[in-house]
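Every number for a ligand or one of its atoms is a count from 1 in the order of the listing. Just the heavy atoms: all of them, side chains too, but no hydrogens, waters or symmetry mates, feed the values below. Not measured: the values here are computed from a predicted model.
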Amino acid sequence: MLLEGYTKEIFRSKCNTQAQSLHCFAHLEQDISEVIPYLNAELEGDAFTREPPSVTFKAHGKLITVHPDKIAINALQDEEEAEKVCRWLQREINAIWDRRDEIEPKYAVRTRPQIFSILKLLPTSAKCSRECGQATCMVLAKLISEGAVSPEACPYLSGENLANLQEYLAGFDLDV
Ligand code: SF4
């Protein structure tokens with residue numbers, strides 16, 4: 001067994017303390033660096049970094065980032081759900097590690113953030129007067145995906161959507 005245990009740290013978004021959903025860090029008892037390329041292959045990571053190793057993917061409606069010593073999970077309802085997702089991750093990590101001889105590890109280079117993944121988190125506000133300086137939310141989403149502007153350019157983006165977008169973008173090499 002590669003991962004024997006973890007300690008959960010549950011917290012609310014620092015950007016919006018009124019947000020209902022919770023975030024969780026699972027602090028790992030073992031270093032799981034070596035399994036990360038195998039997780040990238042089996043769980044179809046949306047983003048992967050080689051040094052330091054990390055993989056980001058979506059599962060159970062959550063955006064999950066696995067680091068060597070920590071796993072970050074967002075948009076959780078409560079501690080019970082956090083424990084459920086952590087246990088599932090521990091099982092997946094150990095099962096994939098056990099089968100690693102049958103799996104081709106994937107060391108894919110980082111890809112750009114997807115425009116539509118960004119767009120669906122933008123508010124497309126009816127009250128908008130295009131304060132971001134762009135003609136449409138789509139144009140701003142494209143610029144964000146290129147690292148040309150930061151999400152804070154839209155004054156209507158806040159709370160959980162802002163936190164989720166920041167976490168999604170953190171998986172890529174963007175010079176904003
Ligand atoms: S991204 Fe720009 S166009 Fe879209 S809601 Fe925000 S300010 Fe308005």
Side-chain angles (χ1 to χ4, degrees), residues 8-27 36 39-68 70-82 84-86 88-89 106-176:
K8 294 193 305 298
E9 176 189 350
I10 309 261
F11 58 95
R12 289 192 189 280
S13 165
K14 285 182 186 157
C15 303
N16 182 4
T17 50
Q18 304 302 311
Q20 292 301 306
S21 69
L22 300 172
H23 302 270
C24 174
F25 283 150
H27 298 281
I36 289 177
L39 296 179
N40 189 32
E42 288 290 285
L43 300 176
E44 299 180 349
D46 292 320
F48 174 80
T49 63
R50 196 162 189 154
E51 195 56 51
S54 74
V55 61
T56 299
F57 56 90
K58 294 184 200 77
H60 300 282
K62 320 295 172 200
L63 191 64
I64 297 168
T65 302
V66 179
H67 304 274
K70 179 172 78 178
I71 300 174
I73 310 160
N74 78 350
L76 293 155
Q77 289 169 12
D78 50 33
E79 184 161 358
E80 191 180 330
E81 187 181 37
K84 202 169 136 191
V85 175
C86 285
W88 172 77
L89 281 164
K106 190 172 159 194
Y107 300 91
V109 292
R110 294 166 198 245
T111 56
R112 279 211 179 280
Q114 294 185 347
I115 294 172
F116 282 100
S117 297
I118 297 170
L119 185 62
K120 70 185 181 191
L121 291 167
L122 291 179
T124 57
S125 169
K127 296 179 195 158
C128 165
S129 302
R130 300 190 178 89
E131 290 90 337
C132 67
Q134 308 306 325
T136 62
C137 294
M138 174 70 95
V139 177
L140 187 74
K142 182 170 184 302
L143 292 173
I144 292 172
S145 78
E146 293 166 353
V149 295
S150 72
E152 287 81 359
C154 173
Y156 302 101
L157 181 61
S158 61
E160 194 174 314
N161 276 15
L162 177 59
N164 287 346
L165 183 49
Q166 287 169 330
E167 188 166 349
Y168 174 61
L169 295 173
F172 302 90
D173 240 348
L174 297 175
D175 301 320
V176 182

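In E9, the CD atom is crowded: over 12 heavy atoms of neighbouring residues, nucleotides or ligands sit closer than 6.0 Å. The local environment of NZ in K84 is sparse, with at most 12 non-hydrogen atoms from other residues, nucleotides or ligands closer than 6.0 Å.
Aromatic ring pairs are classed by plane angle as parallel below 30°, tilted from 30° to 60° and perpendicular above 60°; the pair F25 and F11 is tilted.
A donor-acceptor pair under 3.5 Å is absent between the side-chain atoms of T65 and the main chain of A72, judged by distance alone.
Among all protein heavy atoms, the one lying closest to atom 2 (Fe) of ligand 1 is C132 SG, 2.3 Å. Ranking the protein heavy atoms by distance from atom 6 (Fe) of ligand 1 puts C154 SG, 2.3 Å first. Counting protein heavy atoms only, atom 1 (S) of ligand 1 is closest to L140 CD2, 3.5 Å.
Between C86 and I71 the shortest side-chain heavy-atom distance does not fall below 4.5 Å.
Short contacts between ligand 1 and C128, defined as distances under 4.0 Å to a heavy atom of the residue, involve ligand atoms 3 (S), 5 (S), 7 (S), 8 (Fe). Of all atoms in ligand 1, listed by their number and element, those nearer than 4.0 Å to a heavy atom of E131 are 7 (S).
The closest heavy-atom contact to atom 4 (Fe) of ligand 1, among the options G133, C137, P155, comes from C137.
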